[in-house]
Amino acid sequence: MMSETISVQCCIAGGGPAGIMLGLLLARSGVSMLVLEKHADFLRDFCGDTLHPSTLEIMHELGVLERFLFLPHQKVTRINARFGDLEFTVADFSHLPTGCRYVAFMPQWDFLNFLVELGSQYPTFQIRMNAEVTNLIEDGSSVVGLCAETPSGPLEVRTPLVVGADDRHSTVRKRAGLSVKEFGAPNGCALVPVVKKG
Ligand SMILES: Cc1cc2nc3c(=O)[nH]c(=O)nc-3n(C[C@H](O)[C@H](O)[C@H](O)COP(=O)(O)OP(=O)(O)OC[C@H]3O[C@@H](n4cnc5c(N)ncnc54)[C@H](O)[C@@H]3O)c2cc1C
């Protein structure tokens, strides 16, 4: 199959929340960009469905919060837990100094589709689904692009800026020879209710 070559100012590997949001922000600023996402759509299990007040604040700052909240969602302002007869508040978002003092429950694919729809309003926004990044293109010691496999054949993207947002097993990171700094994380968390004596 013939290989296709395109040039953009920034190419982002991975169409998760990080890659799509970055693409949207760049396209808004007039930067020609391309997101390459290996899956055909955003319909995946295990990618979460809570949108936190800080994310909603960003949607507000982008001027799209009202439109965004037209999508079906549930608002949670407080989370309570019960152990036997003991009921207590685990989280209370109602005091946060933000516009939305709640967590919105919405499938991540709705969120990502919304961001792509927003991005598509800008002429410099491009996304290719079914495009799996396989390697970097190097010129001497510089990275000047990346290679991807698509259903219609190999794709070569020439760009001065490559961003690896292609998850924790990042191909971009591996091919760039970057090492991971482990901070360690506990295997689980324990909720310890504090009970007043007397
Ligand atoms: C079970 C679970 C539940 C979670 N629940 C929540 C929640 O409720 N709320 C919340 O805020 N966060 C939640 N998180 C965390 C949240 O999912 C992550 O913080 C977020 O997805 C990270 O975004 P990202 O864009 O960095 O990476 P990812 O979401 O991992 O996206 C990376 C993207 O890159 C693509 N990709 C990978 N390799 C390639 C390649 N070679 N070429 C092209 N594309 C590639 C992948 O297909 C993927 O779409 C949850 C995480 C898990 C595991």
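Computation of the quantities below employed the complete heavy-atom set of this structure, encompassing side-chain atoms and omitting hydrogens, waters and symmetry-equivalent molecules. In this text the structure is predicted, and so the values were computed from the model without any measurement. In listed order, ligands and their atoms are each counted from 1.
- Which parts of ligand 1 touch G14 is read off a 4.0 Å heavy-atom cut-off, strictly below it: atoms 33 (C), 34 (O), 35 (C), 44 (N).
- Scanning the protein for heavy atoms near atom 39 (C) of ligand 1, the closest one is D166 CB, 3.6 Å.
- Among protein heavy atoms, the minimum distance from atom 32 (C) of ligand 1 is reached at A165 O, 3.3 Å.
- Note: F93 CZ to T98 OG1 = 10.5 Å, rounded to the nearest 0.5 Å.
- Taking distance alone, with nitrogen or oxygen atoms compared against 3.5 Å, E37 approaches ligand 1 more closely than that limit.
- Two residues are said to be in side-chain contact when any heavy atoms from C-beta on lie closer than 4.5 Å; V116 and I127 meet this criterion.
- No side-chain heavy atom of I6 sits less than 4.5 Å from a side-chain heavy atom of R158.
- Separating the CZ atom in R175 from the CG atom in D166 is a distance of 10.5 Å, to the nearest 0.5 Å.
- Within the 4.5 Å cutoff, side-chain heavy atoms of L34 are placed close to those of V157.
- The nearest heavy-atom contact from the protein to atom 31 (O) of ligand 1 is G16 CA, 3.3 Å.
- Proximity to L36 (heavy-atom distance under 4.0 Å) selects the following atoms of ligand 1: 43 (C), 44 (N).
- For atom 18 (C) of ligand 1, the nearest protein heavy atom lies 4.0 Å or farther away.
- Separating the OG1 atom in T134 from the CD atom in E132 is a distance of 7.5 Å, to the nearest 0.5 Å.
- The closest side-chain heavy-atom distance from H60 to C100 is not below 4.5 Å.
- For ligand 1, the atoms lying closer than 4.0 Å to a non-hydrogen atom of H39 are 47 (O).
- Closest to atom 21 (O) of ligand 1 by heavy atom, among R175, R44, Q108, K38, is Q108.
- A148 does not count as a contact of ligand 1, since none of its heavy atoms falls under 4.0 Å from the ligand.
- Taking the six-membered ring where tryptophan is involved, the planes of F111 and F68 are perpendicular, since the angle between them exceeds 60° and thus also 30°.
- Taking a distance limit of 4.0 Å, we find that atom 5 (N) of ligand 1 is approached by some protein heavy atom.
- For the pair V76/T50, no side-chain contact is recorded, criterion being any heavy-atom separation below 4.5 Å from C-beta on.
- By the definition of a contact as any protein heavy atom under 4.0 Å away, atom 35 (C) of ligand 1 is in contact.
- Residue A18 holds the heavy atom nearest to atom 24 (P) of ligand 1 of all those in G15, S54, A13, A18.
- Between M106 and L71, some side-chain heavy-atom pair lies under the 4.5 Å cut-off.
- Ligand-side atoms of ligand 1 in range of E132: 41 (N), 42 (N), range being under 4.0 angstrom from any heavy atom.
- Checked options E149, E4, E37; the residue passing with R128 is E4 (criterion: salt bridge (charged side-chain N to carboxylate O under 4.0 Å, His left out)).
- Using a 4.5 Å heavy-atom cutoff, the side chains of L56 and L65 are in contact.
- Residue contacts with ligand 1, taken as heavy atom pairs separated by less than 4.0 Å, involve A131 solely via the backbone atoms N, CA, C and O.
- With respect to atom 2 (C) of ligand 1, the closest heavy atom belonging to the protein is F46 O, 3.8 Å.
- At a 3.5 angstrom cut-off on N or O pairs, D49 counts as close to ligand 1.
- For atom 8 (O) of ligand 1, the nearest protein heavy atom (residue, atom name, distance) is T50 OG1, 2.7 Å.
- The nearest non-hydrogen atom to atom 42 (N) of ligand 1, considering only T171, V133, V172, comes from V133.
- At least one N/O-N/O distance between P17 and ligand 1 falls below 3.5 Å.
- With rounding to the nearest 0.5 angstrom, the CG atom of L155 is 8.5 Å from the CG atom of L146.
- At the shortest separation from atom 30 (O) of ligand 1 among protein heavy atoms lies D167 CB, 3.2 Å.
- The protein heavy atom nearest to atom 14 (N) of ligand 1 is C47 O, 4.3 Å.
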Salt bridge (charged side-chain N to carboxylate O under 4.0 Å, His left out) assessment of R101 paired with E57: CA-CA 10 Å; R101 294 168 189 178; E57 190 68 10; over 6 Å; no
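- Under the 4.0 angstrom criterion for non-hydrogen atoms, H169 is not in contact with ligand 1.
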